[in-house]
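These notes are about the structure you will find just below.
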4 protein chains.
Amino acid sequence: MSPRSKSQIEEMREKSIRKIYDASLELFASKGYEATSISQIAKKAEISKGLIYNYFDSKLDLLKGLMDSFSTVEAEMMTKVVDEDPRKFLENIFRVFFLELRERSGIWKMIASLSLQKDMYEFIHDMALEKLIVYYELLEQLLDQIGIENPKGEAKLLAAMFDGIGMHYIVISNEYPLDEVEDYLINKYCKHEKLD
Amino acid sequence: MSPRSKSQIEEMREKSIRKIYDASLELFASKGYEATSISQIAKKAEISKGLIYNYFDSKLDLLKGLMDSFSTVEAEMMTKVVDEDPRKFLENIFRVFFLELRERSGIWKMIASLSLQKDMYEFIHDMALEKLIVYYELLEQLLDQIGIENPKGEAKLLAAMFDGIGMHYIVISNEYPLDEVEDYLINKYCKHEKLD
Amino acid sequence: MSPRSKSQIEEMREKSIRKIYDASLELFASKGYEATSISQIAKKAEISKGLIYNYFDSKLDLLKGLMDSFSTVEAEMMTKVVDEDPRKFLENIFRVFFLELRERSGIWKMIASLSLQKDMYEFIHDMALEKLIVYYELLEQLLDQIGIENPKGEAKLLAAMFDGIGMHYIVISNEYPLDEVEDYLINKYCKHEKLD
Amino acid sequence: MSPRSKSQIEEMREKSIRKIYDASLELFASKGYEATSISQIAKKAEISKGLIYNYFDSKLDLLKGLMDSFSTVEAEMMTKVVDEDPRKFLENIFRVFFLELRERSGIWKMIASLSLQKDMYEFIHDMALEKLIVYYELLEQLLDQIGIENPKGEAKLLAAMFDGIGMHYIVISNEYPLDEVEDYLINKYCKHEKLD
DNA sequence: GATGAATGAGACTTCATTCAT
DNA sequence: CATGAATGAAGTCTCATTCAT
């Protein structure tokens with residue numbers, strides 16, 4: 001009766017979901033969530049519209065799933081970044097941030113775009129808020145360890161700088177001197193004995 | 001010959017356009033351009049759907065008009081901010097930025113949101129890009145006059161910080177310590193003899 | 001109290017109505033009645049939309065008025081065409097028909113187009129039907145006087161030929177050999193002693 | 001893998017398209033293309049508005065599809081009409097024309113109506129023009145073989161007569177003596193040794 | 001008489017979602 | 001699991017018509 005083994009079916013599910021996520025991300029990032037239709041996603045993912053509804057209850061549910069899928073990736077990334085030396089730890093954070101921006105700017109762009117519409121997508125807003133708090137605290141702790149004055153205030157500025165750089169990079173794209181800015185920042189915050 | 005005087009008609013037109021702009025801004029800012037319908041705008045503006053098309057050729061044309069209406073306001077603002085003392089000039093920029101963020105966060109939010117979708121709304125992207133360049137240059141010049149090392153790099157960081165603070169304020173809203181950040185920044189950049 | 005004399009007002013009315021008719025005809029003929037908007041008519045006539053409703057109750061009413069305006073012109077024309085000699089009378093009809101087709105093909109086109117939609121514009125259908133009957137009878141009478149066999153049948157064919165030539169001329173326009181066809185027809189029907 | 005077989009799907013598609021075509025033709029013919037709404041077509045076809053857009057990109061695209069669907073039918077018909085004897089060939093053309101007019105006057109009416117609006121629907125104009133040329137040439141050739149004087153001129157008149165009869169039949173409908181006219185024409189053009 | 005701002009019904013079209021197979 | 005035909009609500013936009021002046 002069951003021609004496929006459980007694991008085979010599971011594999012198919014994952015493969016389909018992966019295709020859906022990839023297509024969604026690409027489209028949501030470039031056109032925005034609202035302007036992307038389920039048909040477009042299905043076409044790009046090379047599956048049928050109906051199949052999407054096997055895995056997701058609605059378009060919004062797909063967005064939620066997609067966002068969740070980032071969290072797991074992000075959590076993994078965080079573990080790799082930890083270092084005993086706060087300067088090195090901070091440098092790693094910088095490097096990962098710039099790497100992500102370069103290689104997966106779509107994700108960044110999509111999240112940023114949706115975060116700005118807190119009235120519509122409350123769950124996105126909640127996610128963004130939570131993440132922001134975590135970042136503030138992590139940065140504050142590191143800056144404190146490094147010995148920077150007013151680590152709380154500087155953490156907020158540094159976090160803002162990250163997202164601001166992200167925005168400007170999206171707007172200016174290839175013309176933006178991402179490498180230079182990266183080097184400059186790392187030098188400024190992670191190499192000297194004192195920064196402020 | 002003409003039943004209403006020219007000035008009467010002009011007054012009516014301006015009043016309607018103002019109502020449309022106000023409603024549009026509010027909705028575009030909170031829900032986004034795509035997710036806002038002409039019907040919603042008409043309802044909020046308390047006019048008929050059709051009237052919007054007396055003044056704008058399309059929804060996109062309305063967006064363009066709305067964006068243009070900001071430019072005039074912004075240009076005015078810029079003239080008031082100039083000062084011979086670069087520190088004072090910079091401080092004025094800070095103060096105006098934070099004031100705007102507090103009082104007209106909708107505009108900032110809408111522009112930021114649209115700027116992130118450069119693939120869809122090229123004219124917005126062009127506007128954002130142009131403004132960004134102007135800001136980079138102005139900040140660089142001021143930081144140079146103040147005597148900061150590497151004014152080019154610092155200008156980019158400072159500009160990024162502005163927009164990053166904007167984003168975080170939108171996300172966190174009332175909980176964000178906008179006043180503190182403002183004071184801290186002004187102190188850091190505009191009060192000391194040397195900053196870096 | 002009355003700054004304009006009655007005749008002055010009447011003159012203005014006529015002038016406005018004439019402008020409306022001219023603009024309507026041009027637009028109805030080239031785009032069709034349905035595809036022409038009141039705004040377009042007002043713009044082409046260089047008057048306001050509202051003024052049209054001073055003279056006509058509705059768009060359909062304007063069409064009726066326009067059609068009626070043709071009837072008067074046509075009646076005049078008919079009187080000039082009469083001749084004691086049936087061959088000459090027929091030749092005059094031919095000549096007027098071709099002249100009209102050449103110089104006012106818009107009218108012909110519009111009437112033909114609307115006549116085909118009897119389900120929608122019953123009054124047009126009634127007009128067309130009535131005129132057709134009159135033509136059949138007139139032609140039959142003339143052909144009979146000229147001595148043609150089966151004048152009833154030939155009258156129908158001749159009338160059909162007229163309208164068919166009109167259609168083909170509209171479709172082919174400048175490439176259609178209207179002059180040749182005119183000469184050929186007149187020669188065939190009006191010059192020989194016997195035709196059939 | 002595929003839940004419905006390919007042929008099943010194809011069958012569904014054809015059935016829906018047929019329903020759409022049938023409803024469209026009926027409405028376009030009686031009210032005209034412009035005055036017919038997609039909603040009306042959907043209602044008459046007993047399907048949803050949306051389904052029409054599964055098969056056609058736009059209302060104009062539907063019209064094009066409908067017109068194309070005639071061409072295939074017409075081409076088939078032409079093959080059945082050919083005969084070695086030019087008189088018989090011509091008679092067949094007459095008979096088919098009158099048969100079509102009687103049984104599918106809607107098609108004739110729709111094409112005629114649209115052909116008159118060459119400014120709006122260029123593709124229709126092109127179709128009509130092309131067909132007209134073909135008819136002129138075919139008739140000329142046949143009339144020449146039959147031995148009629150001035151076959152070029154007579155072909156034009158005959159073709160015009162066809163379309164004129166069509167118009168008059170549409171206008172007068174049941175009162176029009178289509179049978180008599182058919183017999184009379186066939187007798188006149190196809191039975192005698194000489195006609196002119 | 002004349003204007004044009006304003007309305008609202010309805011046009012075309014898109015799209016998330018359902019469902020038979 | 002997978003498909004895509006089908007639906008219907010809602011979107012953008014048009015337009016005949018009204019009315020205050």
Side-chain angles (χ1 to χ4, degrees), chain A residues 3-4 8-9 12-13 15-16 34-42 47-60 62, chain B residues 1-6 8-9 11-13 15-16 34-42 47-60 62, chain C residues 3-4 8-10 12-13 15-16 34-42 47-60 62, chain D residues 1-6 8-13 15-16 34-42 47-60 62:
Chain A
R4 292 191 195 86
Q8 266 178 317
I9 285 182
M12 285 173 75
R13 285 182 64 92
K15 199 175 145 198
S16 291
E34 293 284 342
T36 299
S37 74
I38 292 285
S39 292
Q40 288 162 356
I41 295 171
I47 55 161
S48 71
K49 263 185 300 183
L51 189 56
I52 295 178
Y53 286 89
N54 270 15
Y55 300 117
F56 304 98
D57 287 344
S58 66
K59 192 182 166 190
L60 190 61
L62 163 57
Chain B
M1 199 69 111
S2 205
R4 286 193 191 88
S5 73
K6 247 181 182 165
Q8 261 179 315
I9 285 183
E11 205 180 315
M12 286 174 77
R13 292 181 67 90
K15 196 174 146 202
S16 292
E34 292 282 346
T36 299
S37 75
I38 291 286
S39 293
Q40 288 162 356
I41 295 172
I47 54 165
S48 70
K49 265 185 297 180
L51 188 57
I52 295 177
Y53 289 90
N54 267 21
Y55 299 112
F56 303 98
D57 286 344
S58 65
K59 193 182 165 190
L60 190 59
L62 164 56
Chain C
R4 292 191 194 85
Q8 267 179 317
I9 286 184
E10 192 54 33
M12 286 174 74
R13 285 182 65 91
K15 200 175 144 199
S16 291
E34 293 285 342
T36 298
S37 74
I38 292 285
S39 292
Q40 289 162 356
I41 295 171
I47 55 161
S48 70
K49 263 185 299 184
L51 189 56
I52 294 178
Y53 286 89
N54 269 15
Y55 299 116
F56 303 99
D57 286 344
S58 66
K59 193 183 166 190
L60 191 59
L62 163 57
Chain D
M1 200 69 112
S2 205
R4 286 195 191 87
S5 73
K6 247 183 182 164
Q8 261 178 315
I9 285 184
E10 196 50 36
E11 204 180 316
M12 287 174 77
R13 292 180 68 89
K15 196 174 145 201
S16 292
E34 293 281 345
T36 299
S37 75
I38 291 287
S39 293
Q40 288 162 354
I41 295 172
I47 56 165
S48 69
K49 263 185 298 180
L51 187 57
I52 295 176
Y53 288 90
N54 267 22
Y55 299 112
F56 304 98
D57 285 343
S58 65
K59 194 182 164 189
L60 189 60
L62 164 56

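Quick caveat, the model's predicted, so the values are computed rather than measured. Labels below follow one simple rule: chain letters A, B, ... track the order of the sequence lines, proteins then strands, and each chain is numbered from 1.
Residues forming a side-chain hydrogen bond (donor to acceptor under 3.5 Å, both in side chains) with A/E34 (at least two apart in sequence, or on another chain): A/Y121. Applying the side-chain contact (heavy atoms from CB on, under 4.5 Å) rule to D/F56 yields the partners D/I17, D/I20, D/Y21, D/I52, D/D61, D/L62; only residues at least two apart in sequence or on another chain are considered. In this structure, the side-chain contact (heavy atoms from CB on, under 4.5 Å) partners of B/S48, at least two apart in sequence or on a different chain, are B/L51. Take D/Q40 and apply the side-chain contact (heavy atoms from CB on, under 4.5 Å) test, not counting sequence neighbours, and it matches D/L27, D/K31, D/T36, D/S37.
Rounding to the nearest 0.5 angstrom, the gap separating the CE atom in B/M12 from the NZ atom in B/K15 is 8.0 Å. Here the CZ-CG distance, from A/R13 to A/N54, works out to 8.0 Å after rounding to the nearest 0.5 Å. Atom CD1 of D/I38 and atom NZ of D/K49 lie 9.5 Å apart (nearest 0.5 Å).
Heavy-atom distances under 4.0 Å link DNA chain E to B/S48, B/K49, B/G50, B/L51, B/N54, B/Y55 of residues 48-55 of chain B, given in residue order.
An OP1 or OP2 oxygen of E/dA5 is reached within less than 4.0 angstrom by no side-chain nitrogen or oxygen of B/S16.
We find that CD1 of C/I41 is positioned 11 Å from P of F/dT17, with the value rounded to whole Å. Atom CG in A/L62 sits about 10 Å away from atom P in E/dA16, given to the nearest Å. Rounded to whole Å, the distance from CD1 on D/I9 to P on E/dT21 is 12 Å. Per the geometry, CD1 belonging to D/I38 stands 20 Å off P belonging to F/dA10, to the nearest Å. When the P atom of F/dA16 is taken as reference, atom CD of D/E34 falls 12 Å away, rounded to whole Å. If you measure from atom NZ of C/K59 to atom C1' of E/dG10, you get 14 Å, rounded to the nearest angstrom. When the P atom of E/dG1 is taken as reference, atom NZ of C/K15 falls 15 Å away, rounded to whole Å. Distance CG (C/D57) to C1' (F/dT18): 13 Å, rounded to an integer number of Å.
Where A/A35 and B/R13 meet DNA chain E, the nucleotide closest to each residue was compared, and B/R13 sits on the side nearer the 5' end.
Residue B/E11 places its CD atom among 12 or fewer non-hydrogen atoms of other residues, nucleotides or ligands, all under 6.0 Å distant.
When all heavy atoms are compared, the tightest approach of C/Y55 to C/S16 is CE1-CB, 3.7 Å.
For DNA chain E, if you chain together Watson-Crick or G-U pairs that step i with j, i+1 with j-1 and so on, the runs of at least three with distances under 3.5 Å are E:2-21 with F:2-21.
Side-chain atoms of B/Q8 lie closest to F/dT21 of the nucleotides E/dT17, E/dG1, F/dT21.
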